[in-house]
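None of the values given here were measured: they were computed from a predicted structure.
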Amino acid sequence: LGQSMVSRGEIDTKQYINTLAASKSNPEICYACCDKKKILVIENLKIKKEIDLGFEPTCLESSNDDKKLFVGTKVTITQK
């Protein structure tokens, strides 16, 4: 796993988290998809930033340098 850090603890987000993604450049940072149309940036078990999206994120991945986040969501397709 190279240089990795394992943290154990809890964070009170007051939101349902459906997906977590680890930073690729900083082992102390992770990203969380929330049911309230947000992504949380978590560092050392503290919420550092909330990013409002306007849609419910269901998956995410960061670029290798963590300068970009790729976010996915559910899509309903109806057939006629």
- Item | From SG (Cys33) to CG (Asp35), nearest 0.5 Å | 10.5 Å

- Looking at Ser62 and Lys24, what are the two nearest heavy atoms and their distance? O-NZ, 2.7 Å

- Do you know which two heavy atoms are closest between Asn18 and Pro57, and how far apart they sit?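 Scanning both residues completely, I find the closest heavy atoms to be ND2-O, 3.2 Å.
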
Between side-chain atoms of residues 68-79 and protein atoms elsewhere (two or more places apart, or another chain), which donor-acceptor pairs fall under 3.5 Å?
unit_1 : atom_1 : unit_2 : atom_2 : d
Thr73  : OG1    : Glu56  : O      : 2.6

Please examine the side chains of [Y] and [X], heavy atoms only from C-beta on, and report whether any two atoms are closer than 4.5 Å.
X: Ser23; Y: Tyr31; value: yes
X: Ile51; Y: Val41; value: yes
X: Leu40; Y: Cys34; value: yes
X: Ile29; Y: Asp66; value: no

- Query: Given Thr19 and Leu60, is the side chain to side chain contact (heavy atoms under 4.5 Å, CB included) satisfied, shown in steps?
  - Reply: CA-CA 8 Å; Thr19 304; Leu60 75 157; 4.0 Å; yes

- Query: Between Leu53 and Ile17, is there a shared hydrophobic cluster once you connect ILVMFWY residues whose side-chain heavy atoms come closer than 4.5 Å?
  - Reply: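 Hydrophobic grouping puts Leu53 apart from Ile17.
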
- Item | ILVMFWY network linking Leu45 to Ile39, side-chain heavy atoms under 4.5 angstrom |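 As far as the 4.5 Å side-chain criterion goes, Ile39 and Leu45 are not connected within one cluster.
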
- Is the count of non-hydrogen atoms from other residues, nucleotides or ligands lying under 6.0 Å from Lys49 atom NZ greater than 12? no

- For Asp65, check side-chain contact (heavy atoms from CB on, under 4.5 Å) against everything at least two apart and list the hits.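 Only Ser63, Lys67 meet the side-chain contact (heavy atoms from CB on, under 4.5 Å) criterion with Asp65.
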
